[in-house]
*Asks:* 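So that we are looking at the same thing, I have put the structure below in structure tokens.
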Number of protein chains: 2
Amino acid sequence: MASEANKSCLVQKLSHYAELDEEAIGHLERLEREERSYDEQQDIYLGGDRRDDLHVVKKGWLYSYTDLPDGRRQIVRLHHPGDIVGFEGIAFHHATTSVRAAEPVVLCPFPKSGLDVVFESSPKLTALLFTLAVREQVIFVDLIRAMGRMSARERLAYLFLNLLAKLRITNTDMTDTCRLPLTQTEIGDVLGLSNVYVSKTISRLENDGFISRKDGNVTVLREDDLANFCDFYDRYSDMDVSWFPQS
Amino acid sequence: MASEANKSCLVQKLSHYAELDEEAIGHLERLEREERSYDEQQDIYLGGDRRDDLHVVKKGWLYSYTDLPDGRRQIVRLHHPGDIVGFEGIAFHHATTSVRAAEPVVLCPFPKSGLDVVFESSPKLTALLFTLAVREQVIFVDLIRAMGRMSARERLAYLFLNLLAKLRITNTDMTDTCRLPLTQTEIGDVLGLSNVYVSKTISRLENDGFISRKDGNVTVLREDDLANFCDFYDRYSDMDVSWFPQS
DNA sequence: GGCCTGCGTTAACACAGATTAAGCCCCAGA
DNA sequence: TCTGGGGCTTAATCTGTGTTAACGCAGGCC
């Protein structure tokens, strides 16, 4: 199934950080045996659901979100091809967030127990997954910093730069443009802003020549200036994998 | 060193989630062999430092924080006895945040390689550390939700409830009161608020009978109401450890 | 072809929380 | 004993962002 030409995103992503042997790759490919499609705006599962399986994203964007009782919503994570969705299921019986497709998506569901095999037979893969979990924490910390102490302009700059950095890992040919299949309301829910203010602020960023927009795509025009402006660090290309066990 | 009477906080904390055998306990105790004291407001290390060791907190509160170039500050994590500080060091060569003592503290430094032994020899402990890393993510998500979509009142309610829930794990005799060795400026830096508004908001919570204060201690008077008010979930007492390997 | 619905834009107005500043208290150090 | 600094409180003022609403546009559907 995964010829060189059509390599799994998951394998591609993990290979970016460590050389994987045949066996490890086999484990990963088994996680993507099954496929399932979802429509735009369809919920994959809801917070509170009893969860038994995780998903590898094969195609499309999704997001994890939580609602407050009165309807306010916060999107807490964006998921892209190659990501594993629902990892928190490892620590809790019930889902802590809901997950929704931002556009039509294809997912590969696999049972929690699929990970047991990995943990037992591949120390290297275990170390890698562990490292990715820790990195995820660091990315959350960056977001907390942005939401706690940055203006709307800075937060949007941060979002765009972070998206570019993340997507570049699996799309090695990507330059400074990316698709943005999110409404401005959704962007606001990521950054803790209102849809109206997102609109106004993006327009200002565009007028000031930091970015440009064209049919659903965003281009970052002055990446260094933007990075400087919101004190951005790329957490995706600078990981320590030196301590990983061999096998 | 760790008699029943004077059990290590780390062992106590981890034992709360899984039964640990002699060998595992031995591993953990080796992490706490060395001790070092720090003064109030002393930095343990700074963001950007090359890091080779982690610390177990033995006594006192600390926090991780980052500064923006212009001096704004965000505190991203509070550390208490039994916590392991610097876990992110596993994924990055350089510290991504600074760590400071909120009061006089005692830490047990140990080298990164101290964890290798754990990973190699105790699958159960590995699974537990993994689970704790994932739980940490969930707690970050809760904080992001609070900072993105909640009012100052709600955020403070969240902070107090979360502190209680966390401290109850290691202080089984704790009821509804806890010490709060943080200035209001520091609390503001945790929640993304100004010190002045923290003062005003805490006073209002007190006037409204939700909490009371007495020489550096906070008492939560109507815990259920508060939990309801900020839609709080206790992430500390509800983890799934059923899948852990035996040994 | 006409209608509906959802998204983005713009503008007017409202408000939560930031900022600045002053006063008080406590405590450490001279 | 005095002094200075840090933390907390309170008040006045300011501002960034939210809210509401109206409009235009595009796409899907009958």
Side-chain angles (χ1 to χ4, degrees), chain A residues 39-42 61 68 70-75 100-104 146-159 179-207 211-218 229-230, chain B residues 39-42 61 68 70-75 100-104 146-159 179-207 211-218 229-230:
Chain A
D39 293 336
E40 185 170 336
Q41 294 301 315
Q42 191 175 353
W61 290 31
L68 305 207
D70 67 356
R72 284 173 287 181
R73 178 174 74 159
Q74 178 68 39
I75 292 176
R100 180 172 294 177
E103 58 179 338
M147 299 219 312
R149 291 306 185 195
M150 289 187 187
S151 68
R153 255 172 97 89
E154 291 166 316
R155 287 186 226 181
L156 276 159
Y158 167 76
L159 176 66
R179 224 161 44 85
L180 190 59
L182 296 174
T183 68
Q184 292 186 348
T185 300
E186 287 166 336
I187 294 174
D189 287 340
V190 172
L191 298 175
L193 300 167
S194 69
N195 56 352
V196 176
Y197 207 60
V198 167
S199 171
K200 194 194 301 191
T201 309
I202 293 186
S203 299
R204 269 178 40 208
L205 282 174
E206 196 172 19
N207 285 336
I211 62 167
S212 73
R213 284 179 288 180
K214 206 175 163 203
D215 37 61
N217 288 31
V218 182
F229 172 59
C230 65
Chain B
D39 293 335
E40 185 170 337
Q41 293 302 318
Q42 191 176 351
W61 290 32
L68 305 207
D70 67 357
R72 285 173 286 180
R73 179 174 72 159
Q74 178 69 39
I75 291 176
R100 180 173 295 178
E103 57 180 338
M147 299 218 313
R149 291 305 185 195
M150 290 187 187
S151 68
R153 257 171 96 91
E154 291 166 316
R155 288 186 224 180
L156 276 158
Y158 168 76
L159 176 67
R179 224 161 43 84
L180 190 58
L182 296 174
T183 67
Q184 293 185 348
T185 299
E186 286 165 336
I187 294 175
D189 286 340
V190 172
L191 299 175
L193 300 167
S194 70
N195 56 353
V196 175
Y197 206 61
V198 168
S199 169
K200 193 193 300 189
T201 308
I202 293 185
S203 300
R204 270 179 38 207
L205 281 175
E206 195 172 19
N207 285 337
I211 61 167
S212 73
R213 286 179 288 179
K214 205 174 164 202
D215 38 62
N217 288 29
V218 184
F229 173 59
C230 65

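Computed from a predicted structure; not experimentally measured. So you know, we letter chains A, B, ... as the sequences are listed, proteins then strands, and number each from 1.
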*Asks:* Return the polar atom pairs (N/O with N/O) between nucleotides 18-24 of chain D and the protein under 3.5 Å, or none.
*Replies:*
residue : atom : partner : partner atom : Å
D:dG18  : OP1  : A:G192  : O            : 3.4
D:dG18  : OP1  : A:S194  : N            : 3.1
D:dG18  : OP2  : A:S194  : N            : 3.1
D:dG18  : OP2  : A:S194  : OG           : 3.1

*Asks:* Ion pair present between B:E103 and B:R179, side-chain N to carboxylate O less than 4.0 angstrom?
*Replies:*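 Here B:E103 pairs with B:R179 in a salt bridge, since their nearest N and O are under 4.0 Å apart.
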
*Asks:* Nearest whole Å is fine: how far is C:dC27 P from B:E40 CD?
*Replies:*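 Atom-to-atom, B:E40 to C:dC27, this comes out as 13 Å.
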
*Asks:* Rounded to whole Å, how long is the line connecting atom CZ of B:R204 with atom P of C:dG17?
*Replies:*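 One finds 8 Å between P of C:dG17 and CZ of B:R204, rounded.
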
*Asks:* Is it the case that the side chain of B:Q74 and the backbone of B:D189 share a donor-acceptor pair, with hydrogens and angles ignored and the cut-off at 3.5 Å?
*Replies:*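 Here the side-chain-to-backbone pair exists.
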
*Asks:* Once rounded to the nearest 0.5 Å, what's the spacing between atom OG of B:S199 and atom CG of B:L193?
*Replies:*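 Rounded to the nearest 0.5 Å, the OG-CG separation comes out at 12.0 Å.
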
*Asks:* Output yes when at least one side-chain N/O atom of B:Q184 is less than 4.0 Å from OP1 or OP2 of D:dT9, else no.
*Replies:*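 Yes, because at least one side-chain N or O of B:Q184 sits under 4.0 Å from OP1 or OP2 of D:dT9.
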
*Asks:* Between the two end axes of the helix from C:dG1-D:dC30 to C:dA30-D:dT1, each built from 5 base pairs, what angle do you get to the nearest 10°?
*Replies:*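 Answer for the end axes of this duplex: 30°.
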
*Asks:* In whole Å, what is the span from the CE atom of A:M147 to the C1' atom of D:dT17?
*Replies:*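 After rounding, the gap between these two atoms is 15 Å.
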
*Asks:* Quick check: closest heavy atoms across A:Y197 and A:R204, and the distance to 0.1 Å?
*Replies:*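 Scanning both residues, the minimum pair turns out to be OH-NH1, 4.3 Å.
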
*Asks:* Grab the CG-C1' distance between A:N207 and C:dT9 for me, whole Å please.
*Replies:*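 Going from A:N207 (CG) to C:dT9 (C1'), I get 12 Å.
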
*Asks:* To the closest 0.5 Å, what do you measure between CD1 (A:I202) and CG (A:L180)?
*Replies:*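 Here the interatomic distance stands at 7.0 Å.
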
*Asks:* For D:dT9, does either OP1 or OP2 sit under 4.0 Å from a side-chain N or O belonging to B:R213?
*Replies:*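 For B:R213, the contact criterion (side-chain N or O under 4.0 Å from OP1 or OP2 of D:dT9) is met.
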
*Asks:* Calculate the interatomic distance between A:I202 atom CD1 and C:dC7 atom P; express it in whole Å.
*Replies:*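 Taking atom P of C:dC7 as the reference, CD1 of A:I202 is at 15 Å.
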
*Asks:* So B:S151, base contact, sugar-phosphate only, or nothing? Heavy-atom distance under 4.0 Å.
*Replies:*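 Sugar-phosphate contact only.
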
*Asks:* As a test of reading the structure: which of C:dT10, C:dG8, D:dG7 is closest to the side chain of B:T183, going by heavy atoms?
*Replies:*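 Nearest to the side-chain atoms of B:T183, counting from C-beta on, is D:dG7.
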
*Asks:* When all nucleic acid strands are considered with a 4.0 Å heavy-atom cut-off, which category describes B:R153: base, sugar-phosphate, or nothing?
*Replies:*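 Here B:R153 touches no strand at all.
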
*Asks:* How long is the line joining CG of B:D215 and C1' of C:dC27, in whole Å?
*Replies:*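 Atom-to-atom, B:D215 to C:dC27, this comes out as 15 Å.
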
*Asks:* Using modelled atom types only, decide if a donor and an acceptor are shared between the side chain of B:R72 and the backbone of A:R149 within a distance under 3.5 Å.
*Replies:*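 Such a contact is found between B:R72 side chain and A:R149 backbone.
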
*Asks:* Rounded to the nearest angstrom, tell me the gap between atom CG in B:L180 and atom P in D:dG7.
*Replies:*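 Rounding to the nearest Å, CG of B:L180 and P of D:dG7 are 14 Å apart.
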
*Asks:* Starting from C1' on C:dG8, measure out to NZ on A:K214 and report it in whole angstrom.
*Replies:*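 Those two atoms, NZ and C1', are 19 Å apart.
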
*Asks:* At their closest point, which heavy atom of B:A101 faces which heavy atom of B:D39, and how far apart are they?
*Replies:*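 Where B:A101 meets B:D39 most closely, the heavy atoms are CB-O, 3.4 Å.
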
*Asks:* Report yes if some heavy atom in the side chain of B:I187 is under 4.5 Å from a heavy atom in the side chain of B:L156; otherwise report no.
*Replies:*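 B:I187 reaches B:L156 side chain to side chain.
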
*Asks:* Of the non-hydrogen atoms in A:G188 and A:V198, which two are nearest, and what is the gap between them?
*Replies:*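 Looking at all heavy atoms of both residues, the closest pair is CA-CG2, 3.6 Å.
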
